[in-house]
Amino acid sequence: MRSKTGRILGIWLVLCLVTAGGSLTAFGATKTVTSISIRVGTDTQAGEMLNENIAIYANTTAVQNGTYAATSSDKYYLQNAEWISSTKKAMNVGEEPRMKLYLEIEDDNYAFRGTYSAGNISVKGGTFMAARRSSSGKLEVTVRLNGIRGSYNPPLDARWREVGYGRAEWTEEKNEGGTSGYYDVYLMRGNSVVKKLEDYQGTSYNFYPYMTQKGTYSYKVRTVPYTEAQKKYGKKSAWLNSDEVYIDEAHVSDGTGQVDDNGLTTGGAAEVGWVQSSGTWYYRYPDGSYQKDSWMKLNDKWYLFDKDGRMLTGWQTKDGLGYYLKDDGEMYKGWIRSGDSWYYLNSEADGVEGAMHIGWLNNDGRTYCLGQSGAMLEGWNQVDGNWHYFYPGSGHMAADVIIDTFYVDGNGIWKK
């Protein structure tokens, strides 16, 4: 029969192994693999399908030809690699295929750690995504390869709609590497550029509002990368030119329907002052500029605009201070309830006008305290090293009174 001492010693030994290694590994392994180096690559081009046969290379992390995965270590080796991304569809420009690598221990004196991250798994030709240890001697590593390089193809055709004037239409190219869905489209009058659309999403556009002079018009369109991955690995397509269309003096546009850089429809004569577009308000000046990224005082009311000229509402932060803007954009001042708490927005006498108050506040002959979040304190709270009581609901500080058998003095301080 095994002795009690032997059982205790066995348990102690197991606990020591768990503590030292972070997990229970094979008894023969005395060291862990602290870092892993991998290289992956593929020569798959846009419009092609991934090669199902992934070549495996050992003892090297040099660049190889074709589709491959490689490692170099005398502690572990690459047993296999397989695609996670589909091998049944053509790759698009900028697409980043995913691969899973299966590593196994080469040296029995070593074991894989319980967890790995991008800090200790180096991937050349791609990006580390995840690692999972299936046993002390087996590790699965998921990587994302660098994007598929290539140039986008231009749209299939560029035409004018037969009904009406100035409606440009083109057909998306979905084969041979796919499309980004974004285009540069330039309206031309002769050799002069009249209107530019850049990073435009869509396959038609009404150019008629810009056909304000008689002449021969055409447009050119090209596919462009849009996402960061597309811009990194993809190139713009060649231009595709439309047919020409002639607009005579009797049919030129009066400019109604033109859109400015803010996406606002200007009409024949541009609106000034408050201008609304898609439910958002802007403030436009006669020179065509907008109030942006700043406060504006109008009729003794303050309004705040973002960097794109949009009038802001609700809770906002400006220069590190919190503000609340009403639904009509006017800056709020005074007490306001938000969620389950009360907040105070300064009057001119309280500090920065409209800013959310933090700290002690004297208001209407009563004393309040607003916490670091701006929420009004209620009940017992320690402030500046002293304990105070703030009446729940109203929030004003108790003074020279007994609260729950505890006396607070004339300064509102409870002393033990």
Could you tell me whether Lys75 and Asp108 have a side-chain N and a carboxylate O separated by less than 4.0 Å?
no

Between Thr317 (side chain) and Gly320 (backbone), is there a donor-acceptor pair under 3.5 Å?
no

Salt bridge or not between Asp184 and Arg222? Use side-chain N to carboxylate O under 4.0 Å.
yes

Would you call the rings of Phe112 and Tyr76 parallel, tilted or perpendicular, where under 30° means parallel and over 60° means perpendicular?
tilted

Please walk me through it: do Lys100 and Glu82 pass salt bridge (charged side-chain N to carboxylate O under 4.0 Å, His left out)?
CA-CA 5 Å; Lys100 182 175 287 188; Glu82 62 183 18; 5.5 Å; no

Please check this pair: side chain of Tyr226 against backbone of Tyr183, looking for a donor-acceptor N/O pair closer than 3.5 Å.
no

Stacked cation flag Arg113 on Tyr116, 6.0 angstrom / 45 deg
yes

Less than 4.0 Å between a side-chain N and a carboxylate O, is that true for Glu169 and Arg159?
yes

Working note: Tyr368 + Trp335, criterion side chain to side chain contact (heavy atoms under 4.5 Å, CB included); need CA distance, chi angles, decisive distance, verdict.
CA-CA 12 Å; Tyr368 303 83; Trp335 289 104; 3.9 Å; yes

Looking at Lys231, I'd like to know if its NZ atom is crowded, meaning that more than 12 non-hydrogen atoms belonging to other residues, nucleotides or ligands lie closer than 6.0 Å.
yes

Looking at Thr171 and Leu156, would you say the former's side chain and the latter's main chain have a donor-acceptor pair under 3.5 Å?
no

Salt bridge (charged side-chain N to carboxylate O under 4.0 Å, His left out) between Lys88 and Glu52, intermediate numbers included
CA-CA 9 Å; Lys88 304 301 182 184; Glu52 293 184 0; 3.2 Å; yes

Please indicate whether Met296 has more than 12 foreign heavy atoms, meaning atoms of other residues, nucleotides or ligands, lying under 6.0 Å from its CE.
yes

Please evaluate residues Leu304 and Lys318 with respect to the criterion side chain to side chain contact (heavy atoms under 4.5 Å, CB included), reporting the C-alpha separation (whole Å), side-chain torsions for both, the decisive distance (0.1 Å), and the verdict.
CA-CA 9 Å; Leu304 181 61; Lys318 180 67 174 175; 4.2 Å; yes

Excluding sequence neighbours, so at least two apart, what forms salt bridge (Lys or Arg N to Asp or Glu O under 4.0 Å) with Lys89?
Glu95

Could you tell me whether Asp364 and Arg366 have a side-chain N and a carboxylate O separated by less than 4.0 Å?
no

Take a 6.0 Å sphere around OH of Tyr182 and say whether it holds more than 12 heavy atoms from other residues, nucleotides or ligands.
yes

Do Arg149 and Tyr233 pair up side chain to side chain, a donor and an acceptor below 3.5 Å, judged on atom types alone?
no

Does a side chain donor of either Gln291 or Tyr282 reach within less than 3.5 Å of an acceptor in the other side chain?
no

Any donor-acceptor pair under 3.5 Å linking the side-chain atoms of Asp384 with those of Trp360?
yes

Take Lys326 and Asp328 through the salt bridge (charged side-chain N to carboxylate O under 4.0 Å, His left out) test and state the conclusion after the steps.
CA-CA 5 Å; Lys326 300 178 185 178; Asp328 63 1; 5.8 Å; no

Please answer whether the main-chain N or O of Val352 pairs with a side-chain N or O of Asn346 as donor and acceptor at a distance below 3.5 Å.
yes

If you count the non-hydrogen atoms of other residues, nucleotides and ligands that lie under 6.0 Å from OH in Tyr210, is the total more than 12?
yes

Does the side chain of Ser204 pick up a donor-acceptor pair with the side chain of Trp170 at under 3.5 Å?
no

Might you work through the side chain to side chain contact (heavy atoms under 4.5 Å, CB included) test for Asn381 and His388, ending with a clear yes or no?
CA-CA 6 Å; Asn381 284 272; His388 302 265; 5.9 Å; no

